[in-house]
Amino acid sequence: MFHMLSCFSLIEGVKVSEFRDAIDAFNNHMIDASFVCSVSPIGRRCASTPMDTDEMRDHAFFFTSTFQDRAQCDAAYAYILEARSSISDIHDAVMSKVRDDAVFICWEDI
């Protein structure tokens, strides 16, 4: 399996429930179109524990997307870029709620 961790903070004034509605619509579309296998629930970062050692970033939320393999992940990326006309409103509804310093980390199970 191939995974992507999305780390982000919301723009001031955006409620988590508003973001959840937007990301659920986007993720459901991507799953229905067979570009993503599954997506975890949104998590809230707990930076107050000594186990959280990332002092470079202050992102407050995260979720993980799971793909069959890197090819599916790359196809999802291409779909978002190339098919903007069919999903632009859904994708823009998500990105308009997120600060512009989001970080996306990918890895493959070994």
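What you see below is based on every heavy atom in this structure, not just the backbone, and it leaves out hydrogens, waters and symmetry mates.
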Sub-4.5 Å side-chain heavy-atom contact between I105 and M4: no

Smallest separation among heavy atoms of R45 and F62, with atom names: N-CE2, 4.2 Å

Euclidean distance, Y77 OH relative to C106 SG, rounded to 0.5 Å: 10.5 Å

Please walk me through it: do D100 and F8 pass side-chain contact (heavy atoms from CB on, under 4.5 Å)? CA-CA 8 Å; D100 63 2; F8 60 96; over 6 Å; no

Got more than 12 heavy atoms from elsewhere within 6.0 Å of CZ, R70? no

Do V14 and V16 share a hydrophobic cluster, counting only Ile, Leu, Val, Met, Phe, Trp and Tyr and linking them when any side-chain heavy atoms are less than 4.5 Å apart? yes

NE2 on H29 to CG on D89, rounded to 0.5 Å: 11.0 Å

Smallest heavy-atom separation, S9 atom then F61 atom, equals CA-CD1, 4.4 Å

Backbone N or O of V36 within a donor-acceptor pair of the Q68 side chain at under 3.5 Å? no

Please report the C-alpha distance between M1 and D69 in whole Å, then the side-chain angles of each, then the deciding distance to 0.1 Å, and finally whether the side-chain contact (heavy atoms from CB on, under 4.5 Å) criterion is met. CA-CA 5 Å; M1 300 300 273; D69 51 27; over 6 Å; no

Are V103 and R57 side-chain neighbours, meaning at least one heavy-atom pair lies under 4.5 Å? yes

Would T66 and H3 count as having a side-chain donor-acceptor pair, cut-off 3.5 Å? yes

Separation of S34 OG from F67 CZ (nearest 0.5 Å): 12.5 Å

Parallel, tilted or perpendicular for F19 and F63, by the 30°/60° rule? tilted

Any salt bridge linking R99 with D58? Criterion: basic side-chain nitrogen under 4.0 Å from a carboxylate oxygen. yes

I need the C37 SG to Q72 CD distance, nearest 0.5 Å. 4.5 Å

Report yes or no: do M95 and I90 belong to one cluster of Ile/Leu/Val/Met/Phe/Trp/Tyr joined by side chain heavy-atom distances under 4.5 Å? yes

Note, M30 side chain near Y79 side chain (heavy atom, < 4.5 Å): yes

Given 3.5 Å as the limit, does a donor-acceptor pair link the side chain of T64 with the main chain of L5, or not? no

Only one of D54, L10, D101, V98 passes side chain to side chain contact (heavy atoms under 4.5 Å, CB included) with H59, and that residue is D101

Would K97 and E18 count as a side-chain contact (heavy atoms from CB on, under 4.5 Å) here? Give the steps. CA-CA 8 Å; K97 294 170 179 40; E18 295 169 338; 4.2 Å; yes

Are side-chain heavy atoms of P41 and R20 found at a separation under 4.5 Å? no

Quick one: closest heavy-atom pair of A75 and F35, and the distance? O-CE2, 3.6 Å

In terms of heavy-atom contacts, V39 and S65 come closest through CG2-OG, 4.1 Å

